[in-house]
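Note sheet for the following structure.
As the structure is a prediction and not an experimental result, all values here were calculated from the model. Starting from 1, each residue takes its place in the sequence as its number.
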Amino acid sequence: MKAAASDMKRIDDEKIDLTEWFFRNRAWFFGIMFFLPGLSIVEELVRSGHMASMVNIGFLPAFEVVIGFAFFVKSRRAQEWICGQAMVLTLLYVAPLYLGLG
């Protein structure tokens with residue numbers, strides 16, 4: 001969604017440098033991402049009236065912290081580290097949710 005809504009101008013066969021594009025647009029990306037965990041919490045509270053899963057109570061605020069940190073840190077090396085940690089955090093978040101479905 002973010003990629004489709006962004007301004008990825010390309011002239012003829014000129015290649016897009018996605019790394020440069022990311023760092024040029026990172027404030028928009030993390031700005032939008034920051035509100036998604038909060039929206040997820042609000043959605044769950046509106047639909048069920050309570051937080052049904054302790055996993056959500058633990059991980060959604062953790063995602064907010066990581067996203068907020070990523071918004072302010074401009075170092076490429078730090079962004080790469082945050083990306084790796086976000087993947088691990090996502091796996092640790094999704095696995096218990098799927099295991100709880102059964």
Side-chain angles (χ1 to χ4, degrees):
M1 177 180 94
K2 172 62 183 118
S6 67
D7 184 20
M8 290 184 67
K9 294 178 183 174
R10 189 160 87 170
I11 302 170
D12 296 323
D13 292 329
E14 181 184 335
K15 293 184 180 182
I16 296 173
D17 183 348
L18 292 178
T19 303
E20 290 303 318
W21 177 85
F22 170 78
F23 281 99
R24 206 171 43 245
N25 294 291
R26 55 180 284 291
W28 281 103
F29 177 75
F30 290 117
I32 291 169
M33 289 292 295
F34 183 77
F35 292 102
L36 295 179
L39 240 105
S40 182
I41 291 170
V42 169
E43 177 191 18
E44 189 168 347
L45 291 174
V46 168
R47 287 180 183 241
S48 66
H50 67 285
M51 294 295 288
S53 170
M54 291 302 290
V55 174
N56 281 347
I57 293 170
F59 277 97
L60 291 176
F63 282 127
E64 288 284 21
V65 169
V66 171
I67 294 165
F69 182 71
F71 180 85
F72 291 105
V73 174
K74 295 181 181 178
S75 162
R76 288 179 187 249
R77 186 175 195 123
Q79 290 291 332
E80 291 169 359
W81 184 84
I82 290 168
C83 180
Q85 297 305 312
M87 289 189 310
V88 170
L89 191 60
T90 301
L91 290 174
L92 291 174
Y93 173 64
V94 172
L97 291 177
Y98 279 117
L99 293 173
L101 293 175

To the nearest 0.5 Å, what is the distance between OG1 on T19 and CZ on R24?
11.0 Å

Would you say I57 ends up clustered with Y93 if hydrophobic residues are merged whenever their side chains have heavy atoms under 4.5 Å apart, either directly or through other cluster members?
yes

Taking L60 as the starting point, is it possible to reach V88 by hopping between hydrophobic residues whose side chains are less than 4.5 Å apart?
yes

Taking atom CH2 of W28 and atom CE of M33, what is their separation to the nearest 0.5 Å?
15.5 Å

Can you tell me how far the CZ atom of F63 sits from the CZ atom of F34, to the nearest 0.5 Å?
14.0 Å

Please check if M87 and V73 belong to a single hydrophobic cluster, counting links between Ile, Leu, Val, Met, Phe, Trp and Tyr side chain heavy atoms closer than 4.5 Å.
no

Take the angle between the ring planes of F29 and F22 and call it parallel below 30°, perpendicular above 60°, tilted in between.
perpendicular

Pair E43 + R47, salt bridge at N-O below 4.0 Å
yes

Atom pair CZ/CD of F35 and E64 - distance to nearest 0.5 Å
8.5 Å

Keeping the roles fixed (side chain from Q79, backbone from A70), state whether a donor-acceptor pair exists under 3.5 Å.
yes

Test of understanding: clusters of I, L, V, M, F, W, Y form through side-chain heavy atoms closer than 4.5 Å, transitively. Do I67 and L91 belong to the same one?
no

Linking I/L/V/M/F/W/Y whenever their side-chain heavy atoms sit closer than 4.5 Å, directly or via other members, would I32 and V65 fall into one cluster?
no

Locate the shortest heavy-atom distance separating F23 from R76; write the atom from each residue and the value.
CZ-CG, 3.3 Å

Working for side-chain contact (heavy atoms from CB on, under 4.5 Å), residues E44 and I41:
CA-CA 5 Å; E44 189 168 347; I41 291 170; 6.0 Å; no

Contact check, side chains of T90 and F59, non-hydrogen atoms, under 4.5 Å:
no

Of all heavy-atom pairs between M51 and N56, which one has the smallest distance, and what is that distance?
CE-CB, 3.5 Å

Would you check if V66 and I82 make a side-chain contact, meaning some heavy-atom pair closer than 4.5 Å?
yes

